[in-house]
Amino acid sequence: QVRLVESGGGLVQAGDSLRLSCAASGGTFSNYAMGWFRQAPGKEREFVAAIRWNGGNTFYGDSVKGRFTISRDYAKSMVHLQMNNLSPEDTAVYYCAAGRVLFQLRDTSKYNYWGQGTQVTVSS
């Protein structure tokens, strides 16, 4: 059973940056693709970014491409999401996810484990 714990959320102003982190435990970190998703009030959960099990490929949602960067630290079993030039439209609860996923990393149903989420609020 993989446990995921997110951190790093908060209240920032438009144009600011934040770095989210997700600590994984209880499994072999390198076996899993890792993803970030977000959900705003009244909206469906949205794909943000993902990274393959070997770190060889990264994927981004269209709304964050060029502003967000996903990375993983195998030594610490962590995955990070660097978010730059934030806008109010980025306000949401951000979730970390892990799954034995080779393809379709944008699909929430492919992930087996989820964190509890961390709130990101961007004021204008």
Next item on the list: Kindly compute the distance separating CG (L4) from CG (N112), expressed to the nearest 0.5 Å.
Entry: 10.5 Å
Item checked: Qualifying disulfide bond (SG atoms under 2.5 Å apart) pairs, either residue in residues 12-124, two or more places apart -> C22-C96
Note to self: Once side chain to side chain donor-acceptor pair (under 3.5 Å) is applied, do any residues pair with R45, and if so which ones, sequence neighbours excluded?
What the structure shows: Q39
Next item on the list: Name all residues meeting the ring pair (Phe, Tyr, Trp, His ring centres under 6.0 Å) criterion together with F37; count only those two or more places apart in sequence or in a different chain, and write none if there are none.
Entry: F47, Y111, W114
Item checked: T58 side chain to I51 backbone, donor-acceptor under 3.5 Å -> no
Margin query: Suppose we screen for salt bridge (Lys or Arg N to Asp or Glu O under 4.0 Å). Which residues come up paired with E89, at least two apart in sequence or across chains?
Written below: none
Checklist line | For F103, the rest of its hydrophobic cluster, which grows through side-chain links under 4.5 angstrom | finding: W53, L102
Notebook entry, point to check: Can you tell me if E6 uses its side chain to pair, donor with acceptor, with the backbone of Q116 under 3.5 Å?
Noted result: yes
Next item on the list: Quick one: pull up OH in Y94 and CG in L20 and give me the separation to the nearest 0.5 Å.
Entry: 7.5 Å
Notebook entry, point to check: What disulfide bond (SG atoms under 2.5 Å apart) pairs are there with at least one residue in residues 27-91, not counting sequence neighbours?
Noted result: none
Notebook entry, point to check: Considering residues at least two apart in sequence or located in another chain, which fulfil the salt bridge (Lys or Arg N to Asp or Glu O under 4.0 Å) criterion with K65?
Noted result: D62
Next item on the list: Using the rule that two of Ile, Leu, Val, Met, Phe, Trp, Tyr join whenever any of their side-chain heavy atoms come within less than 4.5 Å, decide whether V101 and Y32 are in one cluster.
Entry: no
Item checked: CG-CE distance between D73 and M78, expressed to the nearest 0.5 angstrom -> 7.5 Å
Note to self: Considering only residues two or more places apart or on different chains, which pairs with a residue in residues 114-124 satisfy salt bridge (charged side-chain N to carboxylate O under 4.0 Å, His left out)?
What the structure shows: none
Next item on the list: First locate atom CZ of R67, then atom OG of S87, and finally report the distance between them rounded to the nearest 0.5 Å.
Entry: 5.0 Å
Item checked: Residues forming a side chain to side chain donor-acceptor pair (under 3.5 Å) with S109, sequence neighbours excluded -> D107
Note to self: If hydrophobic clusters are built from ILVMFWY residues whose side chains come within less than 4.5 Å, do I70 and Y113 share one?
What the structure shows: yes
Next item on the list: Tell me, please, which residues at least two apart from S17 pass side chain to side chain donor-acceptor pair (under 3.5 Å).
Entry: N84
Notebook entry, point to check: If you group Ile, Leu, Val, Met, Phe, Trp and Tyr by side-chain heavy-atom gaps below 4.5 Å, do V120 and L81 land in one group?
Noted result: yes
Checklist line | OG1 on T69 to CE on M83, rounded to 0.5 Å | finding: 11.0 Å
Next item on the list: Any pair with a residue in residues 24-44 that passes salt bridge (charged side-chain N to carboxylate O under 4.0 Å, His left out), sequence neighbours left out, goes on the list, sorted by first then second residue, please.
Entry: R38-E46, R38-D90
Notebook entry, point to check: Are V79 and Y95 connected, step by step, through hydrophobic side chains (Ile, Leu, Val, Met, Phe, Trp, Tyr) whose heavy atoms are closer than 4.5 Å?
Noted result: no
Notebook entry, point to check: Does T121 reach the main-chain N or O of L11 with its side chain, forming a donor-acceptor pair under 3.5 Å?
Noted result: no
Note to self: Filter on ring-ring contact (aromatic ring centres under 6.0 Å, His included), then keep only pairs touching residues 56-85, sequence neighbours left out; what's left?
What the structure shows: F29-Y74
Item checked: Nearest-0.5 Å distance, CD of residue Q104 to NZ of residue K110 -> 4.5 Å
Notebook entry, point to check: Please walk me through it: do R52 and N57 pass side chain to side chain donor-acceptor pair (under 3.5 Å)?
Noted result: CA-CA 6 Å; R52 287 196 191 278; N57 297 95; 3.2 Å; yes
